[in-house]
Student: 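This structure is in structure tokens; I'll ask about it shortly.
We name chains A, B, ... by the order of the sequence lines, and we start the count at 1 in each one.
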Amino acid sequence: MPDPTIRVRIAPSPTGPLHIGTARTALFNFLFARHVGGTFLLRLEDTDAARGSEAFERDILEGLHWLGITWDEGPNPTGDGDIGPYAPYRQMQRLDLYREASDRLLAADLAYPCYCTPEELAADRAAQEAAKQPPRYVGRCAALTAEERAARVAEGRRPVTRFRVRPGVIAWNDLVRGRIEIDTTNLGGDFVIARADGTPLYHFTVVVDDAAMKISHVIRGEDHVGNTPKHILLFEALGYSIPQFAHLPLILNPDGTKMSKRKTQTAVADYQAEGFIREGLVNYLAYLGWSPGTEEDVLPLDEIVARFDIDKVHKGGAKFDRERLEWLNGQWIRRLEPDDLIDRLRPFLQAAVDDGRIDWLAPDDEVRALLPIVQERLPTLAAIVDLAGFLWTNEIRIDPVVLVPKRWDAATTRDGLTAAREALAAHDPVSWEADELEPPLRALAEARGWKAGDLFMAVRVAVTGRTATPPLFDTLVALGRDRTLARVDAAIAALADAPRAQPA
RNA sequence: GCCGCAUUCGUCUAGAGGCCCAGGACACCGCCCUCUCAAGGCGGAGAUCACCGGUUCGAAUCCGGUAUGCGGUACCA
């Protein structure tokens with residue numbers, strides 16, 4: 001049952017690639033809205049022209065879309081144009097609205113033009129700091145007469161617009177943190193709502209837009225609690241009704257500070273490029289600061305939506321734990337349908353071809369045949385190249401040290417490989433199948449008094465160059481008879497100068 | 001400095017006065033399975049619930065204080 005009164009939003013600023021924290025905030029808004037059948041919208045806060053870019057904008061839209069965090073209103077992620085009754089959803093296209101709102105404030109003397117120069121402001125700040133006072137605007141322009149203003153304009157000064165902060169205590173019942181009260185004397189004095197060039201600032205645009213877009217619940221990061229009183233003041237002054245607020249706990253670096261790209265990988269696109277899948281990422285993000293209260297760990301998005309309850313959101317921050325993310329990602333990769341997995345693997349294989357880690361792109365059917373032995377071994381999609389890349393390379397590099405099994409010496413390894421080569425070559429090429437290949441090699445090991453594991457390991461390294469691979473005989477089948485024999489031959493040749501093994 | 005917020009195993013968390021001398025998961029260790037690596041199964045170690053005081057027959061859960069940590073303090077968002 002849809003609830004048209006519930007309207008929430010994510011309002012990213014295109015000043016960087018989609019950040020894990022933004023994705024998490026978007027996810028919680030999405031979960032809140034979907035759980036009750038409300039509306040989730042996306043608005044681009046692009047008023048910081050100096051730092052913003054269209055490339056970041058695309059990255060954010062595509063990233064959220066990729067994660068499955070889809071919006072009901074906002075910029076169209078697949079083309080031009082905005083969707084929804086309150087379009088446009090880009091602030092740079094809503095400048096008239098902010099202008100109109102600030103004119104109203106100016107007319108009512110709820111805001112005023114401020115002619116202070118950056119130098120004056122800096123000096124004020126320095127003085128306050130020296131006197132151990134909290135920094136705040138001193139109000140130099142708060143009570144200027146018309147003549148005084150005219151004089152400043154005549155000097156060529158362009159004013160910013162400052163909002164008058166009224167004395168009092170601002171309080172609200174935060175949906176996650178309970179009642180919060182902040183005295184407006186701690187807000188730093190009258191604050192700027194529009195730059196000298198007329199472009200509006202964040203505090204002002206959020207309020208104007210949240211009101212215009214009928215936002216019922218503002219769900220955002222904890223770092224915004226201090227901004228909330230300013231916003232409430234603005235809602236009040238503009239005559240708008242005040243939405244509910246919910247401040248989410250922060251995602252933290254391992255050292256407990258707010259997650260930052262200096263200390264933690266924060267770009268969603270980077271996780272995507274490493275082969276994390278949306279199911280794993282979303283599941284992980286949802287459990288950062290929230291839990292269903294059950295012992296379920298692996299939960300699909302629709303189940304998370306069904307269980308989501310903002311009352312269960314924590315107050316304390318959560319450290320980002322990549323190991324847990326990897327585990328969850330592996331859980332989700334194992335749950336993918338074969339065709340789906342193949343589709344998702346393909347770009348990673350192609351990337352490996354492009355940068356030369358493998359020599360050709362495996363056909364889908366070959367990858368499909370491999371799935372039973374690789375799917376449960378993939379913590380990420382990208383891991384496929386390390387796990388099975390030897391199948392798609394012309395030459396493998398073998399470290400002679402790892403070619404020799406731990407309990408063997410070089411001579412024994414050469415003899416073992418030679419004997420194995422013979423057994424494999426003698427094998428009927430038509431029945432080159434895993435369960436057919438294993439018995440002869442086991443018999444060989446037994447006849448020679450070798451541990452089967454040692455023989456297998458020598459062959460494994462000879463044909464793959466690695467000590468950790470999918471099961472050996474499946475690997476030999478995937479490789480095919482010719483390449484198997486050729487690689488064993490090459491390994492034997494590499495051991496050619498080893499002394500003869502003493503007969504046991 | 002000032003304002004605000006937070007605090008349960010290393011990490012993510014369960015826990016809303018007795019079910020908790022605290023449960024699950026990741027990571028770690030061991031065993032099983034086993035040709036390696038995974039996956040899976042079983043088991044182990046790991047939290048005097050930040051500390052102090054109070055309320056109560058009874059507190060991780062309620063109250064007060066302390067400590068520590070974090071966030072904010074822009075003509076950024």
Student: Within residues 374-387 of chain A, which residues have any heavy atom lying less than 4.0 Å from an atom of RNA chain B?
Tutor: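 Listed by number, they are A:Glu376, A:Arg377.
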
Student: Less than 4.0 Å between a side-chain N and a carboxylate O, is that true for A:Glu274 and A:Arg322?
Tutor: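 Counted as a salt bridge, because a side-chain N and a carboxylate O are separated by less than 4.0 Å.
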
Student: Applying side chain to side chain donor-acceptor pair (under 3.5 Å), run through A:Thr199 and A:Arg99 and close with a yes or a no.
Tutor: CA-CA 8 Å; A:Thr199 55; A:Arg99 165 70 68 182; over 6 Å; no

Student: Could you pick out which residue, A:Pro134 or A:Phe320, lies toward the 5' side of RNA chain B when each is mapped onto its nearest nucleotide?
Tutor: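 Taking each residue's closest nucleotide, the earlier one in sequence belongs to A:Pro134.
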
Student: How would you label the contact of A:Leu288 with the nucleic acid (heavy atoms, under 4.0 Å): base, sugar-phosphate, or nothing?
Tutor: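 Sugar-phosphate, no base atom in range.
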
Student: Determine the interplanar angle of the A:His203 and A:His231 rings, folded into 0 to 90°, and report it as parallel if under 30°, tilted if 30 to 60°, perpendicular if over 60°.
Tutor: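 Judged by the thresholds at 30° and 60°, the geometry between A:His203 and A:His231 is tilted.
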
Student: Would you mind reading off the distance between A:Glu295 atom CD and B:rG15 atom P, rounded to a whole angstrom?
Tutor: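 It is 10 Å, rounded to the nearest whole Å.
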
Student: Write down the distance separating the P atoms in B:rG30 and B:rA39, rounded off to the nearest Å.
Tutor: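 Taking atom P in both B:rG30 and B:rA39, they lie 15 Å apart.
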
Student: For A:Leu285 and B:rC26, give me the distance from atom CG to atom P, rounded to whole Å.
Tutor: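 About 19 Å, once rounded to whole Å.
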
Student: To the nearest angstrom, how far is A:Leu325 atom CG from B:rA25 atom C1'?
Tutor: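 Spelled out: CG on A:Leu325 to C1' on B:rA25 is 14 Å.
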
Student: Could you measure between the two P atoms, the one in B:rA22 and the one in B:rG44, and give it in whole Å?
Tutor: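 Approximately 14 Å lies between the P atom of B:rA22 and that of B:rG44.
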
Student: So A:Arg152 and A:Leu144, do their side chains get closer than 4.5 Å, heavy atoms only?
Tutor: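 In short, these two side chains touch, coming nearer than 4.5 Å.
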
Student: Among all residues two or more places apart in sequence or in another chain, which pass the side chain to side chain donor-acceptor pair (under 3.5 Å) test with A:Asp223?
Tutor: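 A:Asp223: side chain to side chain donor-acceptor pair (under 3.5 Å) contacts with A:Lys258.
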
Student: Which base, if any, makes a Watson-Crick or G-U wobble pair with B:rC35, both distances under 3.5 Å?
Tutor: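 Its partner is none (no Watson-Crick or G-U wobble pair with both distances under 3.5 Å).
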
Student: Whole Å only: how far is the CH2 atom of A:Trp327 from the P atom of B:rU13?
Tutor: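 For the pair A:Trp327 CH2 and B:rU13 P, the rounded distance is 14 Å.
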
Student: Among A:Thr475, A:Val477, A:Leu479, which residue satisfies the side chain to side chain contact (heavy atoms under 4.5 Å, CB included) criterion with A:Thr484?
Tutor: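 Per the side chain to side chain contact (heavy atoms under 4.5 Å, CB included) rule, the option paired with A:Thr484 is A:Leu479, out of A:Thr475, A:Val477, A:Leu479.
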
Student: Pick the P atom in B:rG53 and in B:rG69, then give their distance to the nearest Å.
Tutor: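 Straight-line distance between the two P atoms is 23 Å.
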
Student: Test: salt bridge (Lys or Arg N to Asp or Glu O under 4.0 Å). Region: residues 164-173 of chain A. Which pairs qualify, not counting sequence neighbours?
Tutor: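 Found A:Asp109-A:Arg164, A:Arg166-A:Glu236.
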
Student: Indicate, with a heavy-atom threshold strictly under 4.0 Å, whether A:Glu181 touches base, sugar-phosphate, or nothing.
Tutor: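 Here A:Glu181 touches the backbone only, sparing every base.
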
Student: When the C1' atoms of B:rU68 and B:rC32 are compared, how many Å lie between them, rounded to an integer?
Tutor: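 Approximately 45 Å lies between the C1' atom of B:rC32 and that of B:rU68.
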
Student: Could you work out the separation of B:rC62 and B:rA14 based on their P atoms and round it to a whole Å?
Tutor: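 Their P atoms lie roughly 14 Å apart.
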
Student: Could you tell me which nucleotide pairs with B:rA14 by Watson-Crick or G-U wobble geometry, both distances under 3.5 Å, or answer none if nothing does?
Tutor: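 Matched B:rA14 with nothing under the 3.5 Å cut-off.
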
Student: Looking at B:rG15, I'd like to know if its phosphate oxygens (OP1 or OP2) sit under 4.0 Å from a side-chain N or O belonging to A:Lys312.
Tutor: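 Indeed, a polar side-chain atom of A:Lys312 lies that close.
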
Student: Scan A:Gly289 against the nucleic acid and name what it touches under 4.0 Å (heavy atoms): base, sugar-phosphate only, or nothing.
Tutor: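 Touches sugar-phosphate only.
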
Student: Below 3.5 Å, does any donor atom in the side chain of A:Arg324 face an acceptor in the base of B:rA25, or the other way round?
Tutor: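 Pair found.
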
Student: For A:Arg324, check side chain to side chain contact (heavy atoms under 4.5 Å, CB included) against everything at least two apart and list the hits.
Tutor: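 Partners of A:Arg324 by the side chain to side chain contact (heavy atoms under 4.5 Å, CB included) criterion, ordered by chain and then number, come out as A:Tyr284, A:Asp297, A:Asp321.
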
Student: Less than 4.0 angstrom from a charged side-chain N to a carboxylate O is my criterion; do A:Arg51 and A:Glu57 meet it?
Tutor: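 Salt bridge flag = no for A:Glu57 with A:Arg51.
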
Student: If we count only N and O atoms by modelled type, under 3.5 Å, do the side chains of A:Thr15 and A:Asp48 hold a donor and an acceptor together?
Tutor: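 Absent: no donor and acceptor within the cut-off.
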
Student: For A:Met457 and for A:Lys132, find the nucleotide of RNA chain B with the closest heavy atom, then tell me which residue's nucleotide is more 5'.
Tutor: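 The answer here is A:Lys132.
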
Student: Does anything in residues 466-481 of chain A come within less than 4.0 Å of RNA chain B? Heavy atoms only, and list the residues if so.
Tutor: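 The answer is A:Thr467, A:Ala468, A:Thr469, A:Pro470, A:Pro471, A:Leu472.
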
Student: According to the Watson-Crick and G-U wobble definitions, with both distances under 3.5 Å, which nucleotide is paired to B:rG64?
Tutor: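 Base-paired to B:rC52.
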
Student: Donor-acceptor pairs under 3.5 angstrom involving side-chain atoms of residues 185-192 of chain A: please list them, not counting sequence neighbours.
Tutor:
| from | atom 1 | to | atom 2 | distance (Å) |
| --- | --- | --- | --- | --- |
| A:Thr185 | OG1 | A:Asp183 | OD1 | 2.9 |
| A:Asp190 | OD1 | A:Val165 | N | 2.8 |
| A:Asp190 | OD2 | A:Tyr112 | OH | 2.6 |

Student: As a test of reading the structure: which of B:rG4, B:rU13, B:rA25 is closest to the side chain of A:His314, going by heavy atoms?
Tutor: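 Looking only at heavy atoms from C-beta outward on A:His314, the closest nucleotide is B:rU13.
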
Student: Please state whether the rings of A:His224 and A:Tyr202 are parallel, tilted or perpendicular, taking 30° and 60° as the class boundaries.
Tutor: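 Geometry flag for A:Tyr202 against A:His224: tilted rings.
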
Student: Please give, in whole Å, the distance from B:rC35 P to A:Leu455 CG?
Tutor: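 Going from CG in A:Leu455 over to P in B:rC35 covers 13 Å.
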
Student: Taking B:rC20 as the reference, what is the distance to B:rU13 when you measure between their P atoms (whole Å, please)?
Tutor: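 After rounding to an integer number of Å, I get 23 Å for this pair.
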
Student: Applying side chain to side chain contact (heavy atoms under 4.5 Å, CB included), name anything that partners A:Pro300, two or more places apart in sequence or on another chain.
Tutor: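 Side chain to side chain contact (heavy atoms under 4.5 Å, CB included) list for A:Pro300, sorted by chain: A:Asp302, A:Glu303, A:Trp332.
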
Student: Please tell me which of the listed nucleotides, B:rC26, B:rC5, B:rG40, lies nearest to the side chain of A:Arg177?
Tutor: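 Selected nucleotide: B:rC5.
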
Student: Could you go through nucleotides 44-47 of chain B and list every protein N or O atom that sits under 3.5 Å from one of its N or O atoms, giving the distance for each pair?
Tutor:
none

Student: Look through every strand shown and name the nucleotide pairing with B:rG1 as Watson-Crick or G-U wobble, where both distances are under 3.5 Å.
Tutor: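 With both distances under 3.5 Å, B:rG1 matches B:rU73.
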
Student: Using purine N1 to pyrimidine N3 plus N6-O4 or O6-N4 for Watson-Crick, or N1-O2 and O6-N3 for G-U wobble, both under 3.5 Å, which nucleotide pairs with B:rC42?
Tutor: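 By the stated definition (distances under 3.5 Å), B:rG30 pairs with B:rC42.
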
Student: Which pairs with one or both residues in residues 376-390 of chain A pass side-chain hydrogen bond (donor to acceptor under 3.5 Å, both in side chains), sequence neighbours excluded?
Tutor: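 Those involving residues 376-390 of chain A do not exist here.
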
Student: Using the P atom on both, measure B:rG58 against B:rG18 and round to a whole Å.
Tutor: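 Straight-line distance between the two P atoms is 14 Å.
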
Student: Taking the six-membered ring of A:Phe348 (Phe, Tyr or Trp), confirm whether the NZ or CZ of A:Arg344 is under 6.0 Å from its centre and within 45° of its axis.
Tutor: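 Cation-pi check for A:Arg344 and A:Phe348: fails.
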
Student: Listing request: all salt bridge (Lys or Arg N to Asp or Glu O under 4.0 Å) pairs with a residue in residues 396-406 of chain A, at least two apart in sequence or in separate chains.
Tutor: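 Applying salt bridge (Lys or Arg N to Asp or Glu O under 4.0 Å) to every pair that reaches into residues 396-406 of chain A, excluding sequence neighbours, yields nothing.
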
Student: Holding to side chain to side chain contact (heavy atoms under 4.5 Å, CB included), I want the full list of residues that pass it with A:Ala101, two or more places apart in sequence or in another chain.
Tutor: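 A:Ala101 satisfies side chain to side chain contact (heavy atoms under 4.5 Å, CB included) with A:Phe204, A:Val208, A:Leu238 only.
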
Student: Please report the distance, rounded to the nearest Å, between CE in A:Met259 and P in B:rC12.
Tutor: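 After rounding, the reported distance stands at 13 Å.
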
Student: Does the protein touch nucleotides 60-77 of chain B at the base, only the backbone, or not at all? Give it as B, S and - per nucleotide, heavy atoms under 4.0 Å.
Tutor: ----------SSSSSBBB

Student: Could you work out the separation of B:rG71 and B:rC26 based on their C1' atoms and round it to a whole Å?
Tutor: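 Nearest-Å result for B:rG71 against B:rC26 at atom C1': 27 Å.
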
Student: Quickly work out the A:Lys315 NZ to B:rU13 P distance and round it to whole Å.
Tutor: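 Value for this atom pair: 13 Å.
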
Student: Over all strands shown, is A:Arg136 touching base, sugar-phosphate only, or nothing at heavy-atom distances under 4.0 angstrom?
Tutor: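 The residue A:Arg136 makes no contact with any strand.
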
Student: Could you please name the partner base of B:rC20, counting Watson-Crick and G-U wobble pairs only when both distances are under 3.5 Å?
Tutor: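 With both distances under 3.5 Å required, B:rC20 matches none.
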
Student: Whole Å only: how far is the CH2 atom of A:Trp450 from the C1' atom of B:rC35?
Tutor: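 Atom-to-atom, A:Trp450 to B:rC35, this comes out as 15 Å.
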
